Amino acid sequence: MLRQGAVLRGCTAFPTIPVLGSFLGRKTRMRTFQRRIAAAIGAALGVDPAPLESQFSTPPDRKLGDLAFPCFLLSKELKRAPVQIAGELAALDLGLEWVSEVTAAGPYANFRFHREQFARQALAEIRSSGDEFGCSEAGAGRTIVIDYSSPNIAKHLAVHHLRSTMLGQAMANIFRAAGYTVVGVNHLGDWGTGFGKLLCALERYGSEDGLTESPLSERDDAITVLNGLYTRFNNEAKDHPELDDEARAWFQRLEAGDELARARWKEIRQFSLARFQQVYDRLGVKFDEVIGESFFEDRMPVVIAELEEKGLLEESEDAQVVMVGEDIPPFLVRKKDGTTLYGTRDLAAVKQRWDTWHFDRCLYVVDAGQGLHFRQLFTVAQMLGWECADRLEHSAFGVMRMQVDGGWAKGRTREGHVVLLEDVLDHAVEKARAVLLEKNPDIEDPDAIAEAVGVGAVIFSDMKARRIKDVNFDLEKIVSFEGETGAYLQNTHVRFCGLLRKSERQGFDPAAGAGAALTTDEDLTLLQELLRFPEVVERAAEEAEPSIVSQYLLGVASAFNTYYAQHRVVDEAPEHAARTADRLALVDRVRVTLRNGLRLLGITPLERM
RNA sequence: GCCCCGUUAGCUCAGCUGGAUAGAGCAGCCGCUUCCUAAGCGGCAGGUCACAGGUUCGAAUCCUGUACGGGGUACCA
């Protein structure tokens with residue numbers, strides 16, 4: 001009914017650019033280079049090179065070589081022992097100028113690179129996409145709808161909302177970078193019987209809180225007041241069941257379009273959204289569409305009619321349901337009082353999303369506890385014969401547990417109140433400011449930097465592990481900025497931003513280096529690691545798993561920090577000018593990788609801290 | 001009861017489309033700053049990859065079962 005729609009544009013940080021081909025696999029390193037070796041092997045042995053491309057791995061020890069090729073697959077196809085095939089490969093001339101040597105080590109053929117040649121070509125490859133390094137066109141022509149954040153109005157954004165919100169935002173960024181068209185939807189919880197209770201509570205106790213004199217929308221504490229009314233209502237309803245009937249009546253009034261009910265609901269929705277927006281702005285979260293459940297109010301009858309028409313709707317225990325399977329409970333379409341449920345609205349939403357966007361995938365970034373609901377929903381879509389049914393995915397994530405009496409439990413803290421997301425952000429920012437002022441007292445604009453570091457640390461801590469893992473909310477850990485943290489990535493990024501700034505003042509130009517001097521093991525490790533970035537992003541999209549990017553970034557930062565500790569980058573001696581230019585070029589590409597990766601995760605990269 | 005998810009170092013996790021000696025961070029101990037930001041780097045120590053079978057030339061990774069933990073299980077969202 002009320003469509004807020006298209007209030008925000010999506011992340012524009014990653015315009016798509018043409019890069020490389022399709023995704024190959026996790027163990028893959030540097031697919032263009034592997035493709036060339038695979039092609040050479042295929043030609044020499046007379047086999048299809050395509051399946052070979054994903055076979056490559058990294059030797060356990062650099063002494064063995066720079067790229068490993070296990071011969072087990074070829075062994076099956078050629079019906080010869082892998083050890084023998086490895087030997088044959090070692091004797092071949094592949095005709096690749098950047099491969100200097102092939103040695104057989106048991107069933108492995110290990111390729112050693114001609115360091116100068118390889119470094120030159122690798123650097124060119126990494127540079128080819130300029131500042132959009134990491135982007136690809138792997139998903140070109142495909143549309144992904146992502147349902148994320150989706151909080152209930154009239155409530156605060158609590159710390160556990162961070163999960164759906166940031167995972168979804170990161171996924172949206174990642175899919176866009178991989179070339180997909182993305183529609184990010186905030187499926188606002190703005191409908192349902194709960195609002196009957198709320199309206200009822202407002203009517204009964206509102207005047208006591210002075211709400212008649214000072215309207216809710218003019219009060220900063222409006223949501224807190226509403227929460228109080230709601231809690232009070234629920235407590236009183238325990239002893240007075242007739243209150244629940246009254247609440248149901250209010251929801252029916254709301255559904256029927258009663259003027260007073262509608263006006264109050266609309267006001268609540270309005271200021272809830274405004275409050276959410278403050279936090280979203282802080283987190284850098286943007287949606288393409290904000291569509292509440294209320295939007296589907298007049299679309300549900302159409303879907304229910306279709307269920308009926310196809311003979312799927314049944315009466316059971318006075319409710320209308322769809323029987324979705326023997327081992328799971330039925331999908332509720334209408335309660336016995338005739339009102340609808342959120343599942344009904346979800347079903348209408350599936351239809352609306354399909355009709356509007358013809359998506360290739362529709363992801364629900366919702367906690368794992370709702371697995372059954374989505375299983376039911378998807379099954380109903382299947383039973384309806386909807387083409388989109390198998391494109392629906394529940395991108396489930398684990399629960400956030402709070403510390404309660406020495407242990408960890410779902411939901412609330414020991415004191416029984418929710419931890420507000422804003423309070424967590426504030427706390428992290430305060431800690432970041434303290435550390436910043438201690439490390440770098442003369443820094444310009446410490447507020448902005450502390451904000452980025454603090455908020456970034458909170459975001460990163462939530463996206464470091466695979467999303468299905470439960471997370472224990474531990475404020476101390478979140479604001480610890482050492483080790484595998486958001487601040488570590490920021491700091492690494494900042495360090496070579498500073499290095500590049502300084503080198504520029506000294507007259508060096510990172511664009512001047514061609515890469516031929518990047519010949520140490522550490523150079524090679526970094527180049528190989530950097531080359532993976534586009535396929536890492538593609539895989540993160542494929543699996544809807546932002547932690548793949550997080551983990552990759554930690555690896556890059558760690559490799560760079562090791563490098564940085566061992567090798568002097570800027571050397572002003574004229575005889576080392578070429579090497580300095582090459583190392584600066586490498587550093588510049590690490591910088592771009594970290595910057596883009598942080599952005600994908602929804603973290604603002606800093607240039608100073 | 002049934003369904004879903006998890007189980008890898010003291011803690012938090014990576015590795016899971018099968019391949020060479022299972023990797024990080026934190027916590028503990030020992031080092032590193034006349035030189036590009038030490039929110040950093042290096043080292044030591046820490047593991048019957050929950051258990052038992054199976055498939056395979058090869059299993060932390062795939063299959064089956066068991067144990068433990070978490071979640072869900074029709075008129076809330």
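These values consider heavy atoms only, across backbone and side chains, with no hydrogens, waters or symmetry-generated copies. Given the structure is predicted, the values throughout are model-derived calculations rather than measurements.
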Value in whole Å for how far the [atom2] atom of [N] lies from [atom1] of [X]:
{"X": "A:Glu529", "N": "B:A24", "atom1": "CD", "atom2": "P", "result": "13 Å"}
{"X": "A:Leu553", "N": "B:A14", "atom1": "CG", "atom2": "P", "result": "16 Å"}
{"X": "A:Asp462", "N": "B:C13", "atom1": "CG", "atom2": "P", "result": "12 Å"}
{"X": "A:His576", "N": "B:C36", "atom1": "NE2", "atom2": "C1'", "result": "16 Å"}
{"X": "A:Leu554", "N": "B:G23", "atom1": "CG", "atom2": "P", "result": "18 Å"}
{"X": "A:Arg80", "N": "B:C57", "atom1": "CZ", "atom2": "C1'", "result": "18 Å"}

With rounding to whole Å, what would you report as the distance between [N] and [M] at their [atom1] atoms?
{"N": "B:G1", "M": "B:U61", "atom1": "P", "answer": "27 Å"}
{"N": "B:A50", "M": "B:A9", "atom1": "P", "answer": "8 Å"}
{"N": "B:G72", "M": "B:C63", "atom1": "C1'", "answer": "26 Å"}
{"N": "B:A14", "M": "B:C4", "atom1": "C1'", "answer": "24 Å"}
{"N": "B:A27", "M": "B:G6", "atom1": "C1'", "answer": "24 Å"}
{"N": "B:A24", "M": "B:G43", "atom1": "C1'", "answer": "15 Å"}
{"N": "B:C49", "M": "B:C16", "atom1": "C1'", "answer": "11 Å"}

Given the rule that a pair is Watson-Crick or G-U wobble with both distances under 3.5 Å, how would you write RNA chain B in dot-bracket, using | for pairs to a different strand? (((((((..((((.....[...)))).(((((.......))))).....(((((..]....))))))))))))....
Minimum-distance nucleotide to [X] side chain [options: [options]]:
{"X": "A:Gln551", "options": "B:A14, B:A74, B:C36", "result": "B:A14"}
{"X": "A:Leu341", "options": "B:U21, B:C5, B:A77", "result": "B:A77"}
{"X": "A:Val569", "options": "B:C13, B:C36, B:A77", "result": "B:C36"}
{"X": "A:Pro330", "options": "B:A20, B:A77, B:A74", "result": "B:A74"}
{"X": "A:Glu317", "options": "B:A74, B:C3, B:C57", "result": "B:A74"}
{"X": "A:Asp327", "options": "B:U73, B:C57, B:C3", "result": "B:C3"}
{"X": "A:Lys469", "options": "B:U7, B:C76, B:U17", "result": "B:U7"}

Scan A:Glu293 against the nucleic acid and name what it touches under 4.0 Å (heavy atoms): base, sugar-phosphate only, or nothing.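 A:Glu293: backbone/sugar contact only, no base atoms under 4.0 Å.
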With heavy atoms under 4.0 Å as the rule, sort A:Gly371 into base, sugar-phosphate or nothing. nothing
Residue whose closest nucleotide on RNA chain B lies nearer the 5' end, A:Ala109 versus A:Arg334: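 Closer to the 5' end of RNA chain B: A:Ala109.
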Can you work out whether A:Tyr563 or A:Arg466 has the more 5'-proximal nearest nucleotide on RNA chain B?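 Per heavy-atom nearest nucleotide, the more 5' residue is A:Arg466.
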Side-chain donor/acceptor contact of A:Asn110 with base of B:A20 under 3.5 Å: yes
Check the interface with nucleotides 39-47 of chain B: list each N/O to N/O pair with the protein under 3.5 Å, or write none.
{"from": "B:A39", "atom 1": "OP2", "to": "A:Lys439", "atom 2": "NZ", "distance (Å)": "2.4"}
{"from": "B:A39", "atom 1": "O2'", "to": "A:Asn491", "atom 2": "ND2", "distance (Å)": "2.7"}
{"from": "B:G40", "atom 1": "OP1", "to": "A:Gly483", "atom 2": "N", "distance (Å)": "3.2"}
{"from": "B:G40", "atom 1": "O2'", "to": "A:Arg495", "atom 2": "NH1", "distance (Å)": "2.9"}
{"from": "B:G40", "atom 1": "O2'", "to": "A:Arg495", "atom 2": "NH2", "distance (Å)": "3.4"}
{"from": "B:C41", "atom 1": "OP1", "to": "A:Tyr488", "atom 2": "OH", "distance (Å)": "2.8"}
{"from": "B:G42", "atom 1": "OP1", "to": "A:Thr562", "atom 2": "OG1", "distance (Å)": "3.1"}

Just wondering, are more than 12 heavy atoms of other shown residues or ligands nearer than 6.0 Å to CD in A:Glu444? no
A:Glu430, CD: over 12 other non-hydrogen atoms inside 6.0 angstrom: yes
Mind checking whether A:Tyr364 and A:Phe378 have ring centres under 6.0 Å apart?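 Yes, they do, as the ring centres are separated by less than 6.0 Å.
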Should the pair A:Asp245-A:Arg248 be classified as a salt bridge under the 4.0 Å nitrogen-to-oxygen rule?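 Looking at A:Asp245 and A:Arg248, the cut-off is met.
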When you check the gap from the basic side-chain N to the acidic O, do A:Asp327 and A:Arg375 get nearer than 4.0 Å?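 A:Arg375 and A:Asp327: salt-bridged.
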Would one find a side-chain N or O of A:Arg345 under 4.0 angstrom from OP1 or OP2 of B:A77?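 Result: yes.
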